[in-house]
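Reviewing the structure listed below.
Values below: all heavy atoms of this structure, side chains included; hydrogens, waters and symmetry mates excluded. Every value quoted in this text rests on a predicted model; they were computed, and no experiment measured them. Along the sequence shown, residues are numbered consecutively beginning with 1.
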Amino acid sequence: MLSKKKFASVIILGTSIIGLSACGAEDTTNGSSIEDPNSLSLEEIEEKAKEEGAVNSVGMPDTWANWEETWKELSEEYGLEHTNTDMSSAEEISKMETEGENATADIGDVGISFGPIAEEKAITVPYKTSYWDEIPDWAKDDDGDWMVGYQGTIAFATDKEQVENVPSSWEDLLEGDYTVNIGDVQTGTQDQMAVLAAALAFGGDETNLQPGLDFFAELAKQGRLNTANNNNVSGMEKGEMEVGIMWDFNALGYANEINAERFEVTIPEEASVVSGYATIINKYANNPHAAMLAREYILSDEGQINLAKGYARPIRDSVELPKEVAEKMVPEEQYENAVPVSDNDAWEETAKDLPRLWKSEVLVHVE
């Protein structure tokens, strides 16, 4: 069963700016110091990781995007014992900041909008990995303090037992006679990105979410917007979701767990948003080299394929997926109008105000 991992909005953490030393400066991690992590060879990192013998993660549970296989292979190949505590992106960063030198977490997986926050709070180790040049610019910061390991795209998941005409566009949703499910826009990255995707479809952008808010407000006025946050395995299995809006990898994973033939996953034709989840390495990690090795492995061909087995699309375009894995993904041609956030600074600002706007302009119409 896929994890019910939550993603709280940026507003929970705030955005206080704290200077971060540039790549090449000394980072102190629990009594040891890493002087320019990127100057270490992979062989040196592997050797030191084996000496550490463990890697402790947060927000990277076995059942989310098939992390289980990655942790298993790291254990078998390098002898790393692994523990994980599942928590939201906001909670991960708060934990690392609060614990400081008493760290219990080495590495975390956060929504992309939380990467800059972790960087600003000066709790990260800037490690670029050997795959740096293959990572798109939108999916990493300048120094490697955060780096996207896999991507997701906002999609529709349709229960064909309840919906006769499967929607393939935002316009289809408006013209349908079924209920449309969305999660908690006030706290969820996935759900906030759904609003942005709808805004893009109707002429908006990162600076103007009004078309997206108007879209969902219209569904609410029609009595067709479900905000019960039950577009998950349990809700889908019980028939509580007719059409749900969520990441493609969640939609595919949930559907596969229940009955893949019952559900159809589509990327909206007019526009959608591609985003990702980024690893952050704790500056105060007890096992910093093991965390660096984990990031290296996540971006390797093997690591990217492991994530794809959990329906998360690789961030590295050069990775060739095995046929049996590729066939379970949404067809590539459906992603033609799916784009990453083009102005991260603007999105960071609008996302802060989105919870308030969602409550005043959309939820007010939900019965």
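Gly149 approaches Leu299 most closely through the heavy-atom pair CA-CD2, 4.0 Å. The nearest pair of heavy atoms linking Ala157 to Met246 is CB-CE, 4.1 Å. Smallest separation of non-hydrogen atoms from Pro37 and Val125: CG-CG1, 3.6 Å. Scanning all heavy atoms of the two residues, the minimum distance from His365 to Ala217 falls at CD2-CB, 4.2 Å.
No close placement of the Trp170 and Phe202 rings is indicated, their centers lying 6.0 Å or farther apart.
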(Q) Please determine whether salt bridge (charged side-chain N to carboxylate O under 4.0 Å, His left out) holds for the pair Lys352 and Glu349, giving the CA-CA distance in whole Å, both sets of side-chain angles, and the decisive distance to 0.1 Å. (A) CA-CA 5 Å; Lys352 291 180 200 174; Glu349 288 303 311; 2.9 Å; yes
Q | side-chain hydrogen bond (donor to acceptor under 3.5 Å, both in side chains) between Asn250 and Tyr311, intermediate numbers included | A | CA-CA 7 Å; Asn250 277 340; Tyr311 307 100; over 6 Å; no
Q: Walk me through it: do Asp248 and Tyr335 pass the test side chain to side chain contact (heavy atoms under 4.5 Å, CB included)?
A: CA-CA 11 Å; Asp248 52 356; Tyr335 292 89; 2.7 Å; yes
Q: Starting from the C-alpha separation in whole Å, work towards a yes-or-no answer on side chain to side chain contact (heavy atoms under 4.5 Å, CB included) for Phe215 and Leu173.
A: CA-CA 10 Å; Phe215 169 84; Leu173 292 190; 3.9 Å; yes
Q) Stepwise, does the side chain to side chain contact (heavy atoms under 4.5 Å, CB included) test hold for Ile315 with Ile135? A) CA-CA 7 Å; Ile315 194 63; Ile135 309 302; 3.8 Å; yes
Q. Hey, mind stepping through Val166 and Phe156 against side chain to side chain contact (heavy atoms under 4.5 Å, CB included) and telling me if it holds?
A. CA-CA 9 Å; Val166 174; Phe156 304 155; over 6 Å; no
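To the nearest 0.5 Å, the span separating CE on Met241 from CG on Asn229 amounts to 12.5 Å. Put simply, CG on Asp177 and CD on Gln222 are 10.5 Å apart, with the number rounded to the nearest 0.5 Å. With values rounded to the nearest 0.5 angstrom, Asp137 atom CG is found 8.5 Å from Asp142 atom CG. If you take CD on Glu257 and CG on Leu252, they are separated by 13.0 Å, rounding to the nearest 0.5 Å. We find the CG-CD distance between Asn56 and Glu81 to be 9.5 Å, quoted to the nearest 0.5 Å. Between the CD atom in Glu92 and the CE atom in Met60 there is a gap of 8.5 Å [rounded to 0.5 Å].
Shown here is Lys160, whose NZ atom has more than 12 heavy atoms of other residues, nucleotides or ligands within 6.0 Å. The neighbour count for Glu336 CD, taken as heavy atoms of other residues, nucleotides or ligands under 6.0 Å away, does not exceed 12. More than 12 non-hydrogen atoms from other residues, nucleotides or ligands lie less than 6.0 angstrom from NZ of Lys309. Taking a 6.0 Å sphere around CD of Glu261, one finds it holds 12 or fewer heavy atoms contributed by other residues, nucleotides or ligands. A 6.0 Å sphere centred on CD of Glu99 holds more than 12 heavy atoms belonging to other residues, nucleotides or ligands.
In this structure, Asp301 pairs ionically with Arg316, as a charged nitrogen and a carboxylate oxygen lie closer than 4.0 Å.
The closest donor-acceptor contact from the side chain of Ser75 to the backbone of Trp71 lies at 3.5 Å or more, if one exists at all. With hydrogens and angles ignored, the 3.5 Å screen pairs a side-chain donor or acceptor of Gln304 with a backbone N or O of Ile298. In this structure, Thr350 contributes its side chain and Glu206 its backbone to a donor-acceptor pair below 3.5 Å. The closest donor-acceptor contact from the side chain of Asn38 to the backbone of Lys128 lies under 3.5 Å. A donor-acceptor pair under 3.5 Å links the side-chain atoms of Gln334 to the main chain of Ile267, judged by distance alone. For Gln186 (side chain) and Arg356 (main-chain N/O), no donor-acceptor pair under 3.5 Å exists by modelled atom type. With hydrogens and angles disregarded, no donor-acceptor distance shorter than 3.5 Å links the side chain of Trp347 to the backbone of Ser342. A donor-acceptor distance shorter than 3.5 angstrom exists from the side chain of Glu52 to the backbone of His289, with no hydrogens or angles considered. Checked by atom type and distance alone, the side chain of Glu327 never pairs as donor or acceptor with a backbone atom of Glu324 at under 3.5 Å. The backbone N or O of Ala103 lies less than 3.5 Å from a partner atom in the side chain of Asn286, making a donor-acceptor pair.
No side-chain heavy atom of Phe216 sits under 4.5 Å from any side-chain heavy atom of Lys221. Contact of the Met193 side chain with the Ile154 side chain is registered, since non-hydrogen atoms from C-beta on lie closer than 4.5 Å. Counting heavy atoms from C-beta outward, Asp184 and Thr227 have side chains that stay 4.5 Å or more apart. When side chains are defined from C-beta on, Arg313 counts as touching Glu332, because their heavy atoms get closer than 4.5 Å. In this structure, Trp146 and Val110 have side chains that are not in contact, with every pair of non-hydrogen atoms separated by 4.5 Å or more. Looking at Asp205 and Asp343, their side chains never come closer than 4.5 Å, going by heavy atoms from C-beta outward. Taking 4.5 Å as the limit, some side-chain heavy atom of Glu46 sits within range of a side-chain heavy atom of Leu293. Counting only heavy atoms from C-beta outward, the side chains of Asn84 and His82 approach each other to under 4.5 Å.
A donor and an acceptor atom, one from each side chain of Asp159 and Tyr178, are nowhere located under 3.5 Å apart. Side-chain contact check for Asn232 and Ser234: no donor-acceptor pair (N or O, by modelled atom type) lies under 3.5 Å. Of the N and O atoms on the side chains of Glu69 and Asn66, at least one donor lies less than 3.5 Å from an acceptor on the other residue. For the residue pair Thr85/Lys95, the side-chain donor-acceptor check at 3.5 Å is not satisfied. Residues Asp172 and Asn165 have side chains that never bring a donor and an acceptor to within less than 3.5 angstrom of each other. One side chain, Glu134 or Ser318, offers a donor N or O that lies under 3.5 Å from an acceptor on the other. Counted by atom type alone, Glu269 and Asn337 present zero donor-acceptor pairs between their side chains at under 3.5 Å. Counting only N and O atoms by type, the side chains of Thr279 and Arg295 include a donor and acceptor under 3.5 Å apart. Counting only N and O atoms by type, the side chains of Glu348 and Ser113 include no donor and acceptor under 3.5 Å apart. Under the 3.5 Å distance criterion, with hydrogens and angles disregarded, a donor-acceptor pair is assigned to the side chains of Gln210 and Glu361. Looking at Glu296 and Ser130, their side chains do bring a donor and an acceptor atom within 3.5 Å of each other. No hydrogens or angles considered: a donor-acceptor pair under 3.5 Å links the side chains of Asp106 and Asn287. Side-chain atoms of Glu68 and Thr63 form no donor-acceptor pair, as typed in the model, at a separation below 3.5 Å.
Each of Trp138, Phe249, Tyr277, Trp247 was checked for a side chain to side chain contact (heavy atoms under 4.5 Å, CB included) with Gln151, and the lone residue meeting it is Trp138. Each of Asp145, Asp109, Ile107, Ile93 was compared with Ile280 under the side chain to side chain contact (heavy atoms under 4.5 Å, CB included) criterion, and only Ile93 meets it.
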